[in-house]
Amino acid sequence: MEKKILLGMTTSELKELVKSLGMPAFTGGQIAKWLYERQVKSIDEMTNLSKQNRQRLAECCEIGCQAPLDAQYSKDGTIKYLFPVGGTDVSAHQDHPTRQECRKCVETVFIPDGDRATLCVSCQVGCKMNCLFCQTGKQGWEGNLSVADILNQIYSLPEHDRLTNIVFMGQGEPMDNLDNVLRATQLLTAPDGWAWSPRRITVSSVGVRGKLKRFIEESECHVAISLHSPIHEQRQQLMPAEKGMPIAEVVELLRQYDFSHQRRLSFEYIVFGGLNDSQVHARELVRLLNGLDCRINLIRFHQIPDVPLRGADEKRMESLRDYLTAHGLFTTIRASRGQDICAACGLLSTAKQKNIDITL
C-alpha cells in the first residue's frame with residue numbers, strides 16, 4: 001500500500017485523517033504543529049503523540065520531505081539546489097498524493113542578500129510557455145508539481161530558517177498549476193500553517209487571464225507579470241503566450257484591482273540589446289501602464305544556446321530606468337545573481353537530469 005503524504009494537508013484534513021485511524025481529532029492539530037512550526041523530518045519525532053499512534057500513522061503515511069540531491073555554489077553566495085519530485089499531480093479538490101517512483105527533478109535557488117534571503121521556487125518540471133529567452137521553456141513541459149513537492153523545496157531547504165521571502169519564479173508557469181500553487185501559498189500564510197505574511201511571497205505569471213483573476217481574488221500575495229515587450233507583435237515573437245493572452249488585456253484585468261496599499265504589482269522586463277530597449281519601447285511602456293500602481297524590474301538577459309538575442313549594455317538599461325521613473329513608473333535594475341552556476345533568470349533547466357537515479 002502506497003503511503004499518504006502529510007506535507008500539504010491542512011489542519012482540518014489532518015484531523016479527518018487521524019479520526020479515520022481511530023485517533024482523537026486533536027491529534028491532527030498536533031501533527032500540523034510538528035509539520036509547519038517545527039518541520040520535523042520523521043513521524044517518530046512527533047513526541048507528544050503516543051508511540052502507538054506514531055506507529056499507526058507511520059504504517060499509512062509519511063512526511064513527504066526529500067532532501068536535495070545536489071547543490072551548486074556561486075561565487076556571489078547564491079546556491080542552486082536540485083530537488084527530486086514525486087511525480088504526482090493533485091489539486092485542492094483531489095485526494096492527497098502518494099509517493100510514486102519518479103526520475104524527475106526541479107531546480108530551486110537560494111539567494112542571500114544581507115539580512116534578506118529569497119528562495120526562488122519551481123512549480124512545474126519544465127514549462128509549456130516556450131518563451132524564446134528561457135532555458136526552462138526549451139525543456140518542454142513534463143508535469144505539474146504536487147503541493148507537497150512545492151512545499152518540500154522550502155521544508156527541506158538547509159537554510160529554511162534564514163528565509164525572508166519566497167518568489168514563484170523558478171521552473172514553470174504558476175497559473176498553469178494554479179490549484180497546487182494556491183494551496184501551497186495558503187498553507188504558507190495560514191495561522192496553523194507556516195504563518196507567513198503574504199507580503200513575503202511573490203507569484204509570477206505570463207498573464208493567464210482567467211487563472212490570474214482567480215489568483216488575485218483568492219490570494220493576497222504579491223503579483224509579478226512577465227512583460228518583456230509592450231508591443232503585441234514583438235511580445236508574441238518572444239512569448240508565444242501573447243497570442244492567446246495579449247498583455248494589453250492582462251493590464252486591463254489588473255486595473256480592476258487595488259494595488260495601492262501593501263500588496264505589490266510588478267512587471268518583469270528582460271532588456272535585450274537593440275530589440276526592446278529603445279525610446280519607442282519606453283514610451284509604449286508608459287502608455288500601457290499609465291495610471292497603474294506598479295513597479296518595473298529591469299532584468300539582464302543571460303545568454304542561452306541557439307538563441308539570437310543579446311543583453312543590453314549597462315548605459316542603455318540605466319537610460320531606460322531613468323526615463324520610466326521620470327514618467328511615473330518606479331523602475332529598478334535587478335541585480336543578476338548566480339549566473340556562474342546557471343541559476344540566474346531564464347537559466348533553470350533539469351532536462352539533463354531526466355535519467356538520474358533517484359531512490360525515494
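Please read these numbers as outputs of a predicted model, since none were measured by experiment. One-based numbering along the sequence shown.
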Pairwise distance [atom1]([X]) to [atom2]([Y]) - rounded to 0.5 angstrom:
X      : Y      : atom1 : atom2 : value
Cys60  : Leu17  : SG    : CG    : 6.0 Å
Gln30  : Thr47  : CD    : OG1   : 9.5 Å
His228 : Gln237 : NE2   : CD    : 15.0 Å
Met175 : Met129 : CE    : CE    : 11.0 Å
Arg310 : Gln303 : CZ    : CD    : 10.5 Å
Phe215 : Thr185 : CZ    : OG1   : 5.5 Å

Indicate yes or no: at least one non-hydrogen side-chain atom of [X] is less than 4.5 angstrom from one of [Y].
X      : Y      : result
Lys41  : Glu45  : yes
Val167 : Val121 : no
Cys345 : Ile270 : yes
Lys75  : Ile341 : no
Met46  : Ile63  : yes
Thr108 : Leu348 : no
Arg300 : Met317 : yes
Phe83  : Ser156 : yes

[X] side chain to [Y] side chain, donor-acceptor N/O pair below 3.5 angstrom:
X      : Y      : result
Thr11  : Asp192 : yes
Gln135 : Ser349 : no
Asn48  : Trp34  : yes
Gln124 : Asn177 : no
Asp322 : Ser319 : no
His281 : Gln234 : yes
Tyr81  : Gln153 : no
Ser266 : His222 : no
Ser74  : Asp340 : yes

Quick check: is [Y] connected to [X] through a chain of hydrophobic side chains (ILVMFWY, heavy atoms under 4.5 Å apart)?
X      : Y      : answer
Phe267 : Ile201 : yes
Met239 : Ile231 : no
Val223 : Phe330 : no
Val280 : Leu324 : no
Met169 : Leu157 : no

message = Gln171 vs Cys127, test: side-chain contact (heavy atoms from CB on, under 4.5 Å). Steps then yes/no.
response = CA-CA 7 Å; Gln171 291 177 260; Cys127 184; over 6 Å; no

So does [X] pair up with [Y], basic N to acidic O under 4.0 Å?
X      : Y      : value
Lys19  : Glu16  : yes
Glu252 : Arg255 : yes
Arg214 : Asp179 : yes
Lys80  : Glu107 : yes

Donor-acceptor under 3.5 Å ([X] side chain, [Y] main chain):
X      : Y      : answer
Glu318 : Lys315 : no
Arg200 : Leu163 : yes
Asn152 : Gln66  : yes
Arg263 : Ile216 : yes
Ser12  : Thr10  : no
Ser204 : Phe168 : yes
Asn53  : Leu49  : no
Arg183 : Gly8   : yes
Glu173 : Ser205 : no
Arg116 : Asn165 : no

task: Might you confirm whether atom CD of Glu314 has over 12 heavy atoms from other residues, nucleotides or ligands at distances under 6.0 Å?
output: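 Atom CD in Glu314 is packed in, count exceeds 12.
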
Are there over 12 heavy-atom neighbours, none belonging to Glu217, within less than 6.0 Å of that residue's CD?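 Atom CD in Glu217 is packed in, count exceeds 12.
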
Nearest heavy-atom pair of [X] and [Y]: which atoms, and what distance?
X      : Y      : value
Ala71  : Ile79  : CB-CG2, 4.2 Å
Leu14  : Met9   : CD2-SD, 3.7 Å
Cys221 : Ser219 : N-OG, 3.0 Å
Pro84  : Asp149 : O-OD1, 4.3 Å
Thr350 : Leu82  : CG2-CD1, 3.7 Å
Val203 : Val181 : CG1-CG1, 4.3 Å

Margin query: Between Asp293 and Leu265, is the side-chain contact (heavy atoms from CB on, under 4.5 Å) condition met? List the steps.
Written below: CA-CA 7 Å; Asp293 200 302; Leu265 170 64; over 6 Å; no

- Run the ring-ring contact (aromatic ring centres under 6.0 Å, His included) check on Phe133 and Phe272 step by step: do they pass? CA-CA 10 Å; Phe133 46 82; Phe272 305 104; 5.7 Å; yes

Between Leu212 and Ile225, does a side-chain contact (heavy atoms from CB on, under 4.5 Å) hold up when you go through it step by step? CA-CA 10 Å; Leu212 179 60; Ile225 302 298; 3.9 Å; yes

Show, in sequence, the C-alpha distance, side-chain angles and deciding distance for Leu132 and Lys138, and conclude whether the side-chain contact (heavy atoms from CB on, under 4.5 Å) test is met. CA-CA 8 Å; Leu132 178 63; Lys138 308 305 176 192; 4.0 Å; yes

What orientation do Tyr155 and Trp194 show, parallel under 30°, tilted 30 to 60°, or perpendicular over 60°?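 Ring orientation, 0 to 90° scale: perpendicular.
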
